[in-house]
Amino acid sequence: MAASGKSFLADAGYGEQELDANSALMELDKGLRSGKLGEQCEAVVRFPRLFQKYPFPILINSAFLKLADVFRVGNNFLRLCVLKVTQQSEKHLEKILNVDEFVKRVFSVIHSNDPVARAITLRMLGSMASIIPERKNAHHSIRQSLDSHDNVEVEAAIFAAANFSAQSKDFAVGICNKISEMIQGLATPVDLKLKLIPILQHMHHDASLASSSRQLLQQLVTSYPSTKMVIVTLHTFTLLAASSLVDIPKQIQLLLQYLKNDPRKAVKRLAIQDLRLLANKTPHTWSRENIQALCESALNTPYDSLKMGMLSVLSTLSGTIAIKQYFSSAPGAAATTARSFDLVKLAQECCYHNNRGIAAHGVRILTNISASCQEKDLQPLEQDAVFGLEALLVLCSQDDSPGAQATLKITLTCMVKLVKCRPHLSQSVVESLLAQLHSAQDNARILMCHCLAAIAMQLPVLADGMLGDLMDLYKLIGQSATDKKQELLVSLATVIFVSSQKALSTEIKTVIKQQLENASNGWTAYRIARQASRMGNHDMARELYQSLLTQVASEHFYFWLNSLKEFSQAEQCLAGLQEESSSSALSCIAEALKSYHKGIASLTAASTPLNPLSFQCGFVKLRIDLLQAFSQLICTCNSLKTSPPPAIATTIAMTSGNDLQRCGRISNQMKHSMEEFRNLATRYGDLYQSSFDADSATLRNVELQQQSCLLISHAIEALILDPESASFQEYSSNGTAHVESEYERRMMSVFNHVLEEVESLNRKYAPVSYLHTACLCNAVIALLKVPLSFQRYFFQKLQSTSIKLALSPSPRNPAEPIAVQNNQQLALKVEGVVQHGSKPGLFRKIQSVCLNVSSVLQSKSGQDYKIPLDSMTNEMEQRVEPHNDYFSTQFLLNFVILGTHNITVESSVIDSNGIVWKTGPKTTIFVKSLEDPYSQQVRLQQQQQQGPAPAQQQQQRTAYSRF
């Protein structure tokens, strides 16, 4: 409750009004200048929110200079507040422009007589190490303070030394000997040594420094065998090895040695924790001998907690490349089978252990081995894995404790993974899940339903016979209205929608609606309707949306639900399509389009400036255009009957040299139709590229729509326009690829069927015959008969990423241009901030930002002579990598031609896979190119010299014109 209250206050900004950056800064500055300590502190602690709201350097620089002033003249409590603000706003530090001035104001306090003030200053310097890594005065102060007699100051110096060592190689090299002397010195107390040792983890800047640090740590481990010393030294040892990389195999051996030989449980636990860290970071460095030694320790230990820790390391390794290295035996090594047996023996022994955690790791190891090692001699392991999973499922589904739920999640994840890799096991896994559903606790039921849905999405394993069990359970649950029951209703409904692939029977629909009326709230009904839309059960979704229309409090929500109802209605119209009947197809498409147009109007009304629903509108508009294109194609096919080629068509074709002309007007119509489908495919591609935050299922859905457009355009070309050069190689079936959903499975089967039909007709008959047009009509009907799936991103945005750009110079008024002389270049600085939602990088992360700057001449103000095209425009592109979500770069632009130029800066994003996403934004400024004073003076002088003669001629002309 406290956490939610805090976040609510943070979002609300403590009731502060929306101010622009300067007003907000002035408001806080007023607080800093106040005579009351409370008001000063309040102003200081509100700075992080200001940085979050206006994250550009010009404001951050001013704000930090003001804070540095407060730090210089304030008392220790104010200094502590400034220190906390600096630590919270660490990612904004590099935006400080006047670093020297900032450091100077902070550093002046280091000469204070108060050791606490000096300690706070040292911590402040340590927190700023990223922007001042090589400041020698800071290095000197830290070195001096390490010799202080005040404990608070020494601890602050240790904090600063650790931070500077991480950033500066010079400082690390210089301080290393000092640290080692202090650690080895007899005068240094043990608790201080324990704080000094972790500094050595940063001594990885070069090989010799890392090597000397390792030697020192090796000496410490042997010289100081006390538990605390060994634990701190070993952990520092591991972190140093993980950073310097070359010593990881040695470190794994050292940790295994301590795990095996040291009798102290605390040391063993630390060794396990560090082994897990290395297993996650560098699994490829683990040799067979390392894994074997860990297995032997796990088999021999009598302590469950240690066994569980070792198994957690092994289960991490079993999901990586290390397990393949373990099982790939060297030629002639007779002992390999025995070694491999040890890991399997350990896992089998642990599968039925009375400790749930140990059992979970055991089955996870077996599942990972079965999934990654495809050797035949490991096939009995599959059955072991299934039996172990079923036993754990029975055990955990009856227990409502958090530990049991965590174990159940691991079990169910393993089930999904096993079924994905070994489909022949799916039937037994699904049957055991269904058998346990009735007796399980509600929490467990929800998780089991998610697992069933995940398996059924990948493989059509839920037969109609199993629906009866699910429906009985649904009726049973619907009688109570607790939160868990509501969640369970949604999960069960999802499984029912996935399992009834073709269409829901009337009986099932009645039961679902009846239970919703009895026990559910509106939100549960909406979630079930949303799942129905995702699974393509549009008749059910339409009825639920209709029932919810009157239950919402805002007109935006009303319009949103109304649009969803209309879209479901439209897709339901298409479900009534009949094969081989083009006339009924036209009427169904017309009905669907009517509903879609109503829906898009409602969807536009539901959008707000904060939530513009751009993806939804784009997706639906494309669907409307696709349906219109399908309708037009069917009409074009029918025109062969209604408007056959004229008698002279053959003569026209021979005269024009275009053989297609003998088909009459249908050939031109088909050409237009093909271009339209290609255009739609391009627009679907643009929608895909603009959806950086979409989940993979939504993107796959958009891709399938694009492929259906390309398929139809290819069919038109192969059957009618150019049968000779049509190639089927690039469109060959990828049925072997892994299919994620039933919708994708059905679409792929339609694609393959249409391609086979087109290939069988291709070149057999001269175009255009009724067989060709019938084939095209059937292809359209087959595509439309697959119910459209509205995926997650249509309803829900789990990841949110946006870019905010600031250009300098920028005009005071956006409409007025920036003046620049035509013999000078404009240095355009582009700064940007990447803003994230609550789950940054959930689906993909930004690797770099691509900035494209272009300028176009809008209006000329000089002489109208011919201008080379390259001097009229500027086209530049730069890629920048954001650091701490901030980036900046500069462009030099030429404006030789006098007049007004329009500069457009557009940003796009490149993710970690190198894929470009057109996320925007696009910013525009105007520049007015003025003639430089010298050229202007020369031109005026030339005009004055040539001036009298034209004036005389003009005079004569006017004199003649009078008569």
Side-chain angles (χ1 to χ4, degrees), residues 502 574 577-586 588-589 626 629-645 649-650 653 658-678 680-681 703-737 739 742-787:
K502 299 290 178 273
L574 296 174
L577 283 166
Q578 292 164 3
E579 287 181 25
E580 311 285 338
S581 170
S582 57
S583 55
S584 70
L586 282 172
C588 286
I589 292 173
L626 181 61
F630 280 152
S631 177
Q632 187 60 46
L633 179 59
I634 294 173
C635 289
T636 303
C637 290
N638 288 347
S639 73
L640 190 63
K641 299 173 189 171
T642 56
S643 173
T650 315
N658 183 358
D659 194 41
L660 269 177
Q661 288 293 326
R662 62 186 179 72
C663 309
R665 58 196 287 272
I666 194 172
S667 58
N668 286 329
Q669 287 178 323
M670 283 291 182
K671 198 177 251 181
H672 287 310
S673 203
M674 186 182 80
E675 282 167 7
E676 193 166 346
F677 278 107
R678 283 193 176 158
L680 278 168
E703 209 174 8
L704 287 169
Q705 303 304 314
Q706 184 186 24
Q707 284 174 2
S708 63
C709 296
L710 289 170
L711 176 78
I712 296 293
S713 74
H714 171 70
I716 294 171
E717 185 180 29
L719 288 177
I720 294 163
L721 297 179
D722 196 2
E724 294 305 316
S725 60
S727 159
F728 291 88
Q729 293 305 313
E730 56 188 302
Y731 293 93
S732 62
S733 157
N734 345 335
T736 51
V739 177
E742 178 61 18
Y743 175 69
E744 185 179 349
R745 192 180 294 109
R746 289 173 72 175
M747 284 296 272
M748 293 306 282
S749 76
V750 169
F751 290 172
N752 293 334
H753 174 68
V754 169
L755 279 170
E756 283 166 16
E757 290 288 308
V758 171
E759 198 169 1
S760 66
L761 269 180
N762 181 37
R763 300 180 199 167
K764 282 192 183 172
Y765 304 97
V768 174
S769 72
Y770 296 122
L771 288 168
H772 295 116
T773 55
C775 179
L776 285 173
C777 287
N778 289 342
V780 168
I781 291 168
L783 284 170
L784 289 176
K785 274 181 79 70
V786 181

Next on the checklist: Run the side-chain contact (heavy atoms from CB on, under 4.5 Å) test on M748 and L704 for me, step by step, so that the C-alpha distance in whole Å, both residues' side-chain angles and the decisive distance to 0.1 Å come before the verdict.
Outcome noted: CA-CA 8 Å; M748 293 306 282; L704 287 169; 4.1 Å; yes
Output side-chain donor-acceptor pairs under 3.5 Å for residues 779-787, partner residues at least two apart or in another chain, one line each.
from	atom 1	to	atom 2	distance (Å)
K785	NZ	L577	O	3.0

How long is the straight-line distance from [atom2] of [Y] back to [atom1] of [X], given to the nearest 0.5 Å?
X: L680; Y: C709; atom1: CG; atom2: SG; result: 5.0 Å
X: F630; Y: L586; atom1: CZ; atom2: CG; result: 13.0 Å
X: N752; Y: E759; atom1: CG; atom2: CD; result: 11.0 Å
X: L771; Y: L776; atom1: CG; atom2: CG; result: 11.5 Å
X: L710; Y: E703; atom1: CG; atom2: CD; result: 10.5 Å

Next on the checklist: Between the side chains of E742 and R745, is the shortest nitrogen-to-carboxylate-oxygen separation below 4.0 Å, so that they form an ion pair?
Outcome noted: yes
Next on the checklist: Whether the side chain of S673 engages the backbone of Q669 through a donor-acceptor N/O pair (distance < 3.5 Å, no angle test) should be reported.
Outcome noted: no
Checklist entry - Going through the distances and angles, do Q705 and L626 end up as a side-chain contact (heavy atoms from CB on, under 4.5 Å)? => result CA-CA 9 Å; Q705 303 304 314; L626 181 61; 4.0 Å; yes
Next on the checklist: Restricting to non-hydrogen atoms, name the atom on S713 and the atom on F677 that form the minimum distance, rounded to 0.1 Å.
Outcome noted: CB-CB, 3.9 Å
Item to check | For the student: nearest non-hydrogen atoms of N638 and S582, plus distance | outcome: OD1-OG, 3.4 Å
Item to check | Working for side-chain contact (heavy atoms from CB on, under 4.5 Å), residues M674 and M670 | outcome: CA-CA 6 Å; M674 186 182 80; M670 283 291 182; over 6 Å; no
Item to check | Partners meeting side chain to side chain contact (heavy atoms under 4.5 Å, CB included) with E676 (sequence neighbours left out) | outcome: A629
Item to check | side-chain contact (heavy atoms from CB on, under 4.5 Å) evaluation trace for V750 with L711 | outcome: CA-CA 10 Å; V750 169; L711 176 78; 5.6 Å; no
